[in-house]
Amino acid sequence: MVSADIKEGRRDEIAELARRRGFLWLAFEIYGGAAGFYDYAPLGALLKRRVETAWRAFYTREGFYEIETTSVAPRDVFEASGHLESFTDRTVVCKHCKTFFRVDEGIDINKSCPECGGALEAAGEFNLMFQTTIGVPKGERGGKVLDKSEGYLRPETAQGTFLNFPRLLRFNRDKLPFGVIQIGKAYRNEISPRQSLIRLREFTIAEAEVFVYPEEKNKHPRFEEVKERKLRLVPGEGAQAQEEMEKTVEEAVRSGTIANEYLGYHMAKVGEFLEGIGIPRDKLRFRQHEPEEMAHYARDCWDAEFFSDRYAWMELVGVADRGDYDLSSHASYSNTDMGVYPQPQSQVQAEGEAEKAKAKAKIIPHVIEPSYGIDRIIYALLESSFYEEQVGKEKRKVLRFKKEMAPIRAAVFPLLNRDELKHKAKEVFQDLRNEAIFVEYDDSGSIGRRYRRQDEIGTPYCITIDYDTLEDDTVTIRERDTMEQIRVPVAEVKEVLLKGSYGTGKQL
RNA sequence: GCGUCGAUGGUCUAGAGGUAUGACUUGGGCCUUCCAAGCCCACUGCCCGGGUUCAAAUCCCGGUCGACGCACCA
């Protein structure tokens with residue numbers, strides 16, 4: 001299934017472009033770099049900001065509030081969440097063929113190598129979380145090691161949300177369902193990070209935690225809005241992957257392919273978001289985790305995957321049903337009440353002891369969680385937007401970002417490098433910047449060169465000031481994908497840039 | 001982590017025991033009335049550390065980073 005038609009050259013071209021034009025730089029480069037760490041360069045930071053802004057807007061429309069919790073947490077948190085145990089791999093290595101194995105039910109030190117039959121030896125423990133020390137370790141004050149405050153960098157933002165659940169519930173006036181989002185850095189000390197943005201040690205994750213009554217998982221209030229949406233699905237339940245299928249969300253939920261409406265609703269939303277920012281629909285699918293692939297906290301999980309020309313199918317978003325795993329764990333470890341009444345107590349009109357008791361018995365909500373890997377989405381945008389085409393004698397490289405996602409909205413040029421044109425062009429440029437539109441000014445080289453420069457970084461519009469501009473205050477606006485131009489009054493430029501179309505029928 | 005291969009201006013590359021080739025890009029100038037035109041000038045480089053040698057970018061060792069395979073990716 002994952003026999004990708006790899007286009008080596010093309011990927012390298014994207015990496016090269018990203019480096020050269022200022023999207024992505026290896027971190028700590030002057031000290032030789034470090035695997036798994038990338039810095040976002042100016043255009044990359046802009047692109048990332050556009051994606052994050054779109055994401056916030058998208059979930060704000062769902063009625064979710066954003067919170068921001070810490071990225072360092074004490075040991076207790078991850079003891080309770082299960083990350084300390086589940087993130088730790090004990091490994092063994094074969095003395096003969098040097099193959100490494102993770103210790104699990106099938107493999108331990110007393111067995112022989114499944115590959116070659118050689119003897120195994122312990123190869124150490126490895127925890128995927130970065131450990132740190134919080135405050136001054138007590139032992140160091142007195143010169144003796146007595147104690148230290150053990151902390152970890154978070155491997156996901158979700159735990160911060162769960163820890164605040166009792167207060168969030170109160171904030172939402174004791175009513176379910178509600179959703180909470182977070183965007184932030186997360187850290188995983190991968191054994192061997194590779195493939196640029198695909199596997200990083202420090203990355204940006206955007207997560208929504210949706211808290212719902214367990215018995216209402218099949219009653220999503222807005223399911224109607226998404227039920228017609230078609231999803232490309234690869235179910236994996238029952239240990240073996242099944243055929244890929246296309247179903248509407250409604251069909252998938254009714255037939256049991258997707259376990260419940262909440263999961264289906266949020267999968268549909270994930271698809272809507274990814275397509276909305278410009279990831280082609282035909283490069284997206286949802287693949288269900290197989291049981292042994294599932295995270296320790298998940299009872300069901302679907303990955304939204306992107307088909308990369310370079311890396312084949314890769315996960316962009318995970319949509320997990322975490323059940324009551326996290327809230328229950330934290331409730332018992334911290335001895336905190338994480339329960340919710342089945343309905344507001346003021347509305348209880350129970351008659352008889354049994355019904356009253358039922359109305360008073362708290363239940364632990366379930367959590368549906370879409371979890372987006374922002375960096376991978378950035379990669380997917382770069383790769384799927386990149387085109388190389390022949391224009392005359394030259395090759396044109398162009399990033400066809402959706403105009404809302406493009407780092408730079410428009411560039412302003414004087415047609416010729418002459419003072420009177422430059423003066424006017426700078427004026428137009430500054431006016432647009434004052435309107436909070438991200439524009440760039442360029443007067444170097446020929447006009448054609450400047451167009452190509454902007455194509456390569458995905459700028460959708462180029463505005464050119466010529467001698468007619470000085471006469472009648474009109475400019476040409478050239479569109480990136482068609483390379484066609486229209487002439488518009490300066491006063492209407494802003495409108496064209498923001499709306500994207502002008503009354504000519506041409507799609508700008 | 002293991003294995004194989006690699007690392008030369010901003011990018012891509014030639015070369016090779018005597019401080020380096022070319023192209024593109026970039027900056028400045030001339031020219032230019034719409035898609036990388038032309039001419040002139042200029043900047044910038046042998047991944048890091050150690051060793052061998054009169055001399056190391058070149059050979060050797062170690063490291064770092066990258067690509068690929070194995071493993072890992074909760």
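Naming: A, B, ... by sequence-line order, numbering from 1 per chain. Here the structure is a predicted model, which means the values were calculated and not measured.
Taking atom C1' in both B:C68 and B:C54, the straight-line distance is 42 Å, to the nearest Å. Using atom P as the reference point in both B:C35 and B:U21, the two lie 36 Å apart (nearest Å). On the P atoms, B:C41 is 33 Å away from B:A7, given to the nearest whole Å. B:C48 and B:A57: their P atoms are spaced 9 Å apart (whole Å). On the P atoms, B:A36 is 15 Å away from B:C24, given to the nearest whole Å. Taking atom P on both nucleotides, B:G51 is separated from B:A56 by 11 Å, rounded to a whole Å. When the C1' atom is compared between B:A67 and B:G17, the two are found 29 Å apart, to the nearest whole Å. Nucleotides B:U19 and B:G28 have their C1' atoms positioned 29 Å apart, rounded to a whole Å.
No hydrogens or angles were tested; on distance alone, a donor-acceptor pair under 3.5 Å links the side chain of A:R194 to the base of B:G69. A:R450 contributes no side-chain N or O that forms a donor-acceptor pair with the base of B:C35 under 3.5 Å. Counting atom types as modelled, A:S192 pairs no side-chain N or O with a base atom of B:C72 as donor and acceptor under 3.5 Å. Judged by distance alone with a 3.5 Å cut-off, a donor-acceptor contact links the side chain of A:R199 to the base of B:C72.
For A:L17 and B:C24, the CG to C1' distance is 14 Å, given to the nearest whole Å. With rounding to whole Å, A:Y311 atom OH is found 11 Å from B:C68 atom C1'. Per the geometry, CD belonging to A:E293 stands 12 Å off P belonging to B:C72, to the nearest Å. Protein atom CZ of A:R478 is 10 Å distant from nucleotide atom P of B:C35, rounded to whole Å. Distance CZ (A:F413) to P (B:U33): 18 Å, rounded to an integer number of Å. Rounded to whole Å, the distance from CD on A:E13 to C1' on B:C12 is 11 Å. A:E420 has its CD atom 12 Å from the P atom of B:U33, to the nearest Å. Rounded to a whole Å, the CD atom of A:E456 is 13 Å from the P atom of B:C12.
Among the nucleotides B:G1, B:C35, B:C73, the one closest to any side-chain atom of A:R452 is B:C35. Of the candidates B:C68, B:U32, B:C34, B:C34 carries the atom nearest the A:D466 side chain, counting heavy atoms from C-beta on. If you check B:U11, B:U26, B:C34 against the side chain of A:R453, the one that comes closest is B:U26. Among the nucleotides B:U33, B:A36, B:C35, the one closest to the side chain of A:E394 is B:A36. The side chain of A:R449 approaches B:U26 more closely than any other nucleotide in the set B:C35, B:U26, B:U33. Out of B:U11, B:G66, B:C73, the shortest distance to the side chain of A:R20 is found at B:U11. Considering only the side chain of A:E16, B:U11 comes nearest among B:C34, B:G66, B:U11. The side chain of A:L26 sits closest to B:G66 out of B:G66, B:A36, B:C34. Minimum atom distance to the side chain of A:T476 is reached by B:C34, of the listed B:G66, B:A36, B:C34. Considering only the side chain of A:Q485, B:C35 comes nearest among B:C12, B:A37, B:C35.
Figure legend: cation-pi geometry between A:R285 and A:W313, with NZ or CZ positioned under 6.0 Å from the six-membered ring centre and within 45° of its axis. Within the cation-pi definition used here (under 6.0 Å to the ring centroid, within 45° of the axis), A:R322 qualifies as a partner of A:Y297.
Nucleic acid contact for A:D468: none, since no nucleic acid atom lies under 4.0 Å from a heavy atom of the residue. Heavy atoms of A:Y297 sit under 4.0 angstrom from at least one base atom. Residue A:R19 is in sugar-phosphate contact alone, with no base atom involved, counting any heavy-atom pair closer than 4.0 Å across all strands shown.
In this entry B:U52 has no Watson-Crick or G-U wobble partner, no candidate having both defining distances under 3.5 Å. Across all strands shown, B:C65 forms a Watson-Crick or G-U wobble pair, both distances under 3.5 Å, with B:G6. Remark: B:G45 base-pairs with no nucleotide; criterion is Watson-Crick or G-U wobble with both hydrogen-bond distances under 3.5 Å. Nucleotide B:G1: paired with B:C70 (Watson-Crick or G-U wobble, both distances less than 3.5 Å). In this structure, B:U21 makes no Watson-Crick or G-U wobble pair, since no nucleotide meets both defining distances under 3.5 angstrom. When both distances must be under 3.5 Å, the Watson-Crick or G-U wobble mate of B:U32 does not exist.
A salt bridge links A:R478 to A:D455: one of the charged nitrogens lies within less than 4.0 Å of a carboxylate oxygen.
Close to B:C68, at under 4.0 Å from its OP1 or OP2, lies a side-chain N or O of A:R310.
Residue A:D442 forms a salt bridge (charged side-chain N to carboxylate O under 4.0 Å, His left out) with just one option from A:K426, A:K422, A:R453, and that option is A:R453. Checked against A:F78 for a side chain to side chain contact (heavy atoms under 4.5 Å, CB included), the options A:M129, A:E85, A:Q131 give a single hit: A:M129.
Using cut-offs of 30° and 60° on the angle between ring planes, the pair A:F273 and A:Y372 is perpendicular.
Here the side chain of A:Q182 pairs a donor or acceptor atom with the backbone of A:T157 at under 3.5 angstrom. Judged by distance alone, with hydrogens and angles left aside, the side-chain atoms of A:R201 form no donor-acceptor pair with the main-chain N or O of A:F130 at under 3.5 Å. A donor-acceptor distance shorter than 3.5 angstrom exists from the side chain of A:R480 to the backbone of A:G458, with no hydrogens or angles considered.
Between A:F203 and A:G36, the one whose closest nucleotide on RNA chain B sits nearer the 5' end is A:G36. Comparing A:E29 and A:E190 by the nucleotide of RNA chain B that holds the closest heavy atom to each, the one mapping nearer the 5' end is A:E29.
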